[in-house]
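Shown next, in structure tokens, is the structure this report addresses.
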2 protein chains.
Amino acid sequence: MRLDDTRSLGRALTLLSLIATDRGKTSFSTLTKELGLPTSTAHRLAAELLKHGLISRIGRGKYDLGVAAMGFARGREFNDILAEAARPILRQVSKETGLTAHLGVFEEGMVTYLVKSNGASLDQAHFTREGMQLEAYCSGVGKVLLASLSEVDLDEYLSAEDFVSATPRTVTNSCALRQELARVRQKGMAIDDREIAEDMMCVAVPLHDGSGRTIAALSLSMAWSDQAAAQIPALSLKLTHAASRVGRNLGYA
Amino acid sequence: MRLDDTRSLGRALTLLSLIATDRGKTSFSTLTKELGLPTSTAHRLAAELLKHGLISRIGRGKYDLGVAAMGFARGREFNDILAEAARPILRQVSKETGLTAHLGVFEEGMVTYLVKSNGASLDQAHFTREGMQLEAYCSGVGKVLLASLSEVDLDEYLSAEDFVSATPRTVTNSCALRQELARVRQKGMAIDDREIAEDMMCVAVPLHDGSGRTIAALSLSMAWSDQAAAQIPALSLKLTHAASRVGRNLGYA
DNA sequence: TTCATACTCCCACAGTACGAGAATTTAAAA
DNA sequence: TTTTAAATTCTCGTACTGTGGGAGTATGAA
């Protein structure tokens with residue numbers, strides 16, 4: 001897209017998001033000054049936003065979100081949007097690879113699986129369901145999400161959790177987990193090698209929002225084998241690709 | 001405003017509201033065809049909406065609301081916006097007239113008062129509070145709101161309610177109330193002449209949304225007297241004016 | 001009332017947004 | 001796999017939208 005092809009629209013939307021953030025605390029003229037918008041232009045755009053109900057006037061020089069903006073959220077959660085935006089892409093990846101793909105988010109110390117797309121055979125991650133919550137420390141998705149936590153959040157998590165072994169390879173030592181998470185952070189991907197089930201492995205990568213924060217993780221699960229292990233770099237690349245496509249679907253540059 | 005001064009913005013917002021209504025059921029190309037938007041233009045606009053997070057891609061040719069649109073609604077209700085948009089105008093009216101102004105909406109068979117702006121003296125409607133719910137059949141605001149109900153909704157209301165007299169003049173007969181509401185509908189205003197309190201009267205007018213539906217009512221209350229009664233036409237006009245200003249604050253043409 | 005600020009209007013001009021059509025990508029059907 | 005239809009992106013000359021300074025008006029506060 002040519003950069004200035006949608007200048008008025010872009011400016012108006014920036015203005016809108018400023019108003020949405022500010023919630024009528026700051027005067028309109030102050031906001032537009034920050035944006036460097038000329039008065040007449042700003043008012044012209046505001047009038048159109050007003051006409052469409054996206055903003056409302058709550059006083060002289062004060063605007064807040066409008067009634068149309070309300071209707072938008074009705075019965076819809078961030079997670080729903082994320083799931084719908086990701087679903088077609090996960091479906092494609094699982095079709096291409098024959099493996100089962102997941103998308104999960106971190107909620108209250110657990111991983112919530114928002115999307116599951118089954119691969120060709122059913123012996124991969126047959127126990128997961130959409131909406132299911134699982135422990136974070138023993139899955140690829142979980143490790144990616146934990147790796148994105150701040151120091152304090154991670155400390156809290158590590159001290160609150162009670163780590164039980166799902167398999168002999170599960171990492172249950174808080175120190176070892178810290179090190180593992182550091183590796184994940186550095187590599188930008190996590191591997192679960194028979195840590196959650198004896199005969200399973202998976203790769204997982206983060207999904208970043210526009211500002212680089214990890215908001216979810218994608219994974220591919222497969223039955224464990226030497227040859228499967230060999231494919232991991234390629235799969236991880238594919239997943240990263242998929243993640244950035246999901247990001248694009250959500251409007252993250 | 002010159003009509004085509006904000007064409008791209010206007011088109012984009014129309015597109016946005018279509019998507020918001022449709023929720024990804026209809027394909028993008030169908031929507032744009034309905035709007036008569038050329039393909040390339042439509043995609044250019046959609047790309048910008050996407051970039052700002054107002055829409056998200058949920059599949060090939062499918063778009064739904066985006067994550068930014070979510071953030072908008074956070075902790076905000078339609079009633080809040082209505083109240084904030086109306087408050088400065090009611091304040092002005094009550095200052096000009098010295099009377100107490102109210103704005104109320106119909107909720108579950110009762111009137112909820114969203115805004116109260118006190119006049120000069122305190123002997124008008126001293127018993128009302130913002131957020132208070134009162135019976136609809138005996139106040140000006142209530143009568144305006146009842147007058148806007150559909151036949152079936154009104155039938156339901158009339159059969160469900162138990163009408164008690166607040167004063168000797170309160171209309172408690174369901175037939176008489178029907179006639180009174182017809183008058184209100186025809187005149188576009190309601191008068192409460194000592195029906196809720198012995199020494200009080202008030203005028204009320206509807207607030208219409210863009211499509212003409214009554215979404216709220218505004219009123220002015222005063223102590224009863226012959227001279228006060230004589231002012232009612234002028235006050236009603238002023239209120240109608242105020243209502244249309246509130247409407248403008250909300251973006252209703 | 002006065003004052004400061006918000007808002008609207010005007011209009012000539014710069015350059016954005018337009019949109020047809022071609023090219024490319026994509027997903028699903030065959 | 002190939003085929004096919006639809007979605008999406010690209011290109012580019014130009015029409016006309018959007019711009020923004022400035023003047024003028026409206027508004028609310030003191």
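Order of the sequence lines sets the chain letters (A, B, ...), proteins ahead of strands, with each chain counted from 1.
Atom CD1 in I58(B) sits roughly 14 Å away from atom P in dA7(D) (whole-Å rounding). Across the protein-nucleic acid pair, L45(B) atom CG and dT16(C) atom C1' stand 13 Å apart, rounded to whole Å. Note: CG (L50(A)) to C1' (dT8(C)) measures 14 Å, nearest angstrom. Note: CZ (R248(B)) to P (dA6(C)) measures 19 Å, nearest angstrom. Atoms NE2 (H43(A)) and C1' (dA26(D)) sit 12 Å apart, rounded to a whole Å. Put simply, CD1 on I89(B) is 15 Å from C1' on dA6(C), counting in whole angstrom units. Atom pair K33(A):NZ and dC7(C):C1' shows a separation of 14 Å (rounding to whole Å applied). Regarding L49(B), its CG atom lies at a distance of 16 Å from the C1' atom of dT8(D), rounded to whole Å.
Comparing the local axis fitted to the first five base pairs of the helix from dT1(C)-dA30(D) to dA30(C)-dT1(D) with the one fitted to its last five gives a bend of 70°, rounded to 10°.
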Measure all distances between protein nitrogen or oxygen atoms and nitrogen or oxygen atoms of nucleotides 22-30 of chain C, and list the pairs falling under 3.5 Å.
| residue | atom | partner | partner atom | Å |
| --- | --- | --- | --- | --- |
| dT26(C) | O2 | R60(B) | NH2 | 3.1 |

Listed pairs, N/O of protein and of nucleotides 20-24 of chain D, under 3.5 Å:
| residue | atom | partner | partner atom | Å |
| --- | --- | --- | --- | --- |
| dG20(D) | OP1 | R11(A) | NH2 | 3.4 |
| dG20(D) | OP2 | R11(A) | NH1 | 3.0 |
| dG20(D) | OP2 | T41(A) | OG1 | 2.9 |
| dG20(D) | N7 | S40(A) | OG | 3.2 |
| dG20(D) | N7 | R44(A) | NH2 | 3.1 |
| dG21(D) | O6 | S40(A) | OG | 3.3 |

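When the side-chain nitrogen and oxygen atoms of Y63(A) are compared with OP1 and OP2 of dA6(C), none of them lie within a distance under 4.0 Å.
Projected onto DNA chain D by closest heavy-atom contact, S8(A) and S29(B) fall at different nucleotides, the more 5' of which corresponds to S29(B).
Summarising the geometry, atom CG belonging to L250(B) is positioned 11.0 Å from atom CD belonging to E84(B); distances are rounded to the nearest 0.5 Å. S225(B) OG to M201(B) CE: the interatomic distance, rounded to the nearest 0.5 Å, is 7.5 Å. Atoms CD1 and CD, from I55(A) and E48(A) in turn, are 10.5 Å apart once rounded to the nearest 0.5 Å.
Every residue two or more places apart in sequence or in another chain was checked for a salt bridge (Lys or Arg N to Asp or Glu O under 4.0 Å) with R129(B), and none qualifies. Checked against side chain to side chain contact (heavy atoms under 4.5 Å, CB included), T14(A) has the following partners two or more places apart in sequence or in another chain: L35(A), H52(B). Residues that satisfy the salt bridge (Lys or Arg N to Asp or Glu O under 4.0 Å) test with E130(A), not counting sequence neighbours, are R87(A).
A distance-only check finds a donor-acceptor pair linking the side chain of T97(A) to the backbone of L99(A) [under 3.5 Å]. A donor-acceptor pair is defined here as one N or O able to donate and one able to accept, closer than 3.5 Å; no such pair exists between the side chain of K238(A) and the backbone of V93(A). S27(A) contributes no side-chain N or O that, together with a main-chain N or O of K62(A), makes up a donor-acceptor pair within less than 3.5 Å.
Residues L54(A) and A68(A) come closest through the heavy atom pair N-CB, 4.2 Å.
With respect to the salt-bridge test (charged N to carboxylate O, under 4.0 angstrom), the residues D192(B) and K143(B) do not qualify.
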